[in-house]
Amino acid sequence: MRSHLLNGLTAEHYRSSVTEGVERVAAKLATTDRPFTGVTVDALAPRVDAIDLDRPLGDTAAVLDELEDVYLKDAVYFHHPRYLAHLNCPVVIPAVLGEAVLSAVNSSLDTWDQSAGGTLIERKLIDWTARRIGLGPAADGVFTSGGTQSNLQALLLAREEAKPGRAGWEKGDSLAKLRIFASEVSHFSVQKAAKLLGLSADSVVSIPVDHDKRLRTVALARELERCRYDGLVPMAVVATAGTTDFGSIDPLPEIAGLCAQYDTWLHVDAAYGCGLLASLKYRDRIAGIDRADSVTVDYHKSFFQPVSSSALLVRDAATLRHATYHAEYLNPRRMVRERIPNQVDKSLQTTRRFDALKLWLTLRVMGADGIGQLFDEVCDLAQEGFRLLAADPRYDVVVEPSLSTLVFRYIPAAVTDPAEIDRANLYARKALFASGEAVVAGTKADGRHYLKFTLLNPETTAADIAAVLDLIAGHAEQYLGESLDRAS
Ligand SMILES: *Cc1c(COP(=O)(O)O)cnc(C)c1O
């Protein structure tokens, strides 16, 4: 069994074993002709169930054969140009190389004595990102597992900063007074964070959006004023720079002005829009992000990094102390005086992956411009897709994209019942998924069911978009035809 431990004696076994796995994936990539096989849960579950975990196969090749059957064969492949559904990107090769290196060395980024250079690499990438945002000389941050954790930590810091000494906050006040303001299309992790932070059930004030799905600043101003009038404490405003559903970017400069006026923490959730930090063409779309107190970035969404790779950045490094606890065995207080960099002092996690390595290798091989160019390409593709949809009488499209998302709905001229149109769109999405020919997402806008493309693959072309729109229309028409038959 010791032959399975990775060490100096098994280096050759490591090389051949990982190479075997890489070969399988490479073969899969080369032959995958659709993003999904359309396999159903009922078909796949028995194959997984049948495997007896207490009877190992021992041999790597046999295990990879089995893996082919239960996973690789039917996985959903994000690299395929007709995977257009969620915020999943195809990944860049330097980052995948980083993933292989970081899991083999297996550094843990909580303390210097478990990572050494890893800590310095992560800190340098944090500084690099903070500079791109423009957070100023006191900025800092830490890598996280994803946008959900970044948002949670940002709101923890905001909560701690909001409590004592603030207008409206007197002794005896409870967390129940704190309010967070976020648009009605902000990410649900804001609500989860509020719950985890012990805030009241009505702590997140939902601000309406305009026609372009951007937070209405007039409504925000009114709610901030009301909050103050009611003797409550505005703890934070969450501006979304790239909403998950529409890619819309809240008006950051105006929101920053209101935050300054009401002395409120500004968190910018740029989990999606962070790709613009590297953009050569569209950086100005997130102008004003430099005025944030904290920023969420998901490199695993728009920097073409494998899951997970994400970070929280803060304007003032001192605010990270709200996540600091010292343990004698790990990061005793004296290490701060000795200037030993222990990243756990800034993190909600303890043991933590060296995810930063993936971004490091990406920047060293491709450069930031290389990433920015890929993101610009998908933003351009979304514009092209928007023009196609706007010119297509079969479809209604919601907003002109600020990033790379298109939300649209099949609207047959002959059908006027909106509920029937809802059902046709829902059916089309399911039928397309079952065919495996393309994968698209769905959402609701203005109370109706819509379909969604999240374009993150520069290999996707306008012809792919046109072809998928034809497929969707075909499925929807089939549904409506059958439904006519049912009615008659
Ligand atoms: C995806 C997303 C999140 C959550 O990030 P995870 O990495 O999935 O945890 C938060 N906010 C926005 C705007 C997102 O798009």
Side-chain angles (χ1 to χ4, degrees), residues 85-89 133 141 143-159 178-197 199 201-210 212-216 219-220 223 235-252 255 259 265-277 285-286 289 292-303 305 307-314 348 398-399 401-407 441-445 450 452-454 456:
H86 301 287
L87 272 166
N88 312 107
C89 51
I133 297 170
F143 271 66
T144 67
S145 60
T148 302
Q149 190 190 143
S150 297
N151 285 347
L152 171 62
Q153 184 168 359
L155 291 172
L156 168 71
L157 306 186
R159 185 192 75 182
L178 297 177
R179 290 293 176 273
I180 298 168
F181 303 84
S183 97
E184 56 182 315
V185 290
S186 61
H187 195 264
F188 67 29
S189 54
V190 174
Q191 310 261 1
K192 282 196 196 183
K195 188 166 197 173
L196 285 164
L197 292 170
L199 308 188
D202 53 359
S203 60
V204 181
V205 180
S206 178
I207 309 293
V209 291
D210 64 15
D212 292 324
K213 306 294 178 189
R214 293 151 42 99
L215 178 145
R216 283 186 194 272
L220 175 62
E223 289 298 335
M235 172 188 125
V237 174
V238 178
T240 312
T243 58
T244 318
D245 251 356
F246 304 98
S248 49
I249 299 172
D250 289 340
L252 302 178
I255 294 172
C259 286
W265 183 281
L266 171 58
H267 176 62
V268 176
D269 179 356
Y272 177 12
C274 63
L276 294 183
L277 294 172
R285 290 182 184 172
I286 45 165
I289 195 172
D293 293 294
S294 56
V295 179
T296 288
V297 297
D298 261 358
Y299 307 107
H300 63 218
K301 281 181 179 159
S302 48
F303 273 68
Q305 300 293 295
V307 178
S308 58
S309 180
S310 182
L312 171 70
L313 291 306
V314 296
L348 298 186
V398 180
V399 288
S402 301
L403 294 172
S404 61
T405 297
L406 294 167
V407 178
T443 190
K444 268 191 160 180
Y450 276 76
K452 178 165 86 162
F453 292 159
T454 311
L456 282 175

### Query
Can a donor-acceptor pair be found between the side chains of Asp269 and Thr296 at a distance below 3.5 Å?
no
### Task
Say whether, by atom type as modelled, one donor and one acceptor occur between the side chain of Asp298 and the main chain of Ser310 under 3.5 angstrom.
no
### Task
Using atom types as modelled and distance alone, determine if a side-chain donor or acceptor of Arg159 lies under 3.5 Å from a backbone N or O of Met235.
no
### Gln305: partners by side chain to side chain donor-acceptor pair (under 3.5 Å), with sequence neighbours left out
Thr362
### Task
Output yes when a side-chain donor or acceptor of His300 lies under 3.5 Å from a complementary backbone atom of Ser308, and no otherwise.
no
#### Entry: Residues which pass side chain to side chain donor-acceptor pair (under 3.5 Å) with Ser186, listed by chain and number, not counting sequence neighbours
none
### Query
Is Asp245 paired with Lys213 through a side-chain N to carboxylate O contact shorter than 4.0 Å?
no
### Task
Mark yes or no for whether Asn151, through its side chain, and Val190, through its backbone, hold a donor-acceptor pair below 3.5 Å.
no
### Message
Can you see whether Thr405 engages Tyr272 through a side-chain donor-acceptor pair at a distance of less than 3.5 angstrom?
### Response
yes
### Message
Donor-acceptor check, side chain of Thr243 to backbone of Ser248, threshold 3.5 angstrom: yes or no?
### Response
yes
### Query
Is there a donor-acceptor contact under 3.5 Å from the side chain of Thr144 to the main chain of Gly146?
yes
### Task
Establish, from distance only, whether the side-chain atoms of His86 and Thr454 form a donor-acceptor pair under 3.5 Å.
no
### Query
Does a side-chain N-to-carboxylate-O contact under 4.0 Å join Asp202 and Arg179?
yes
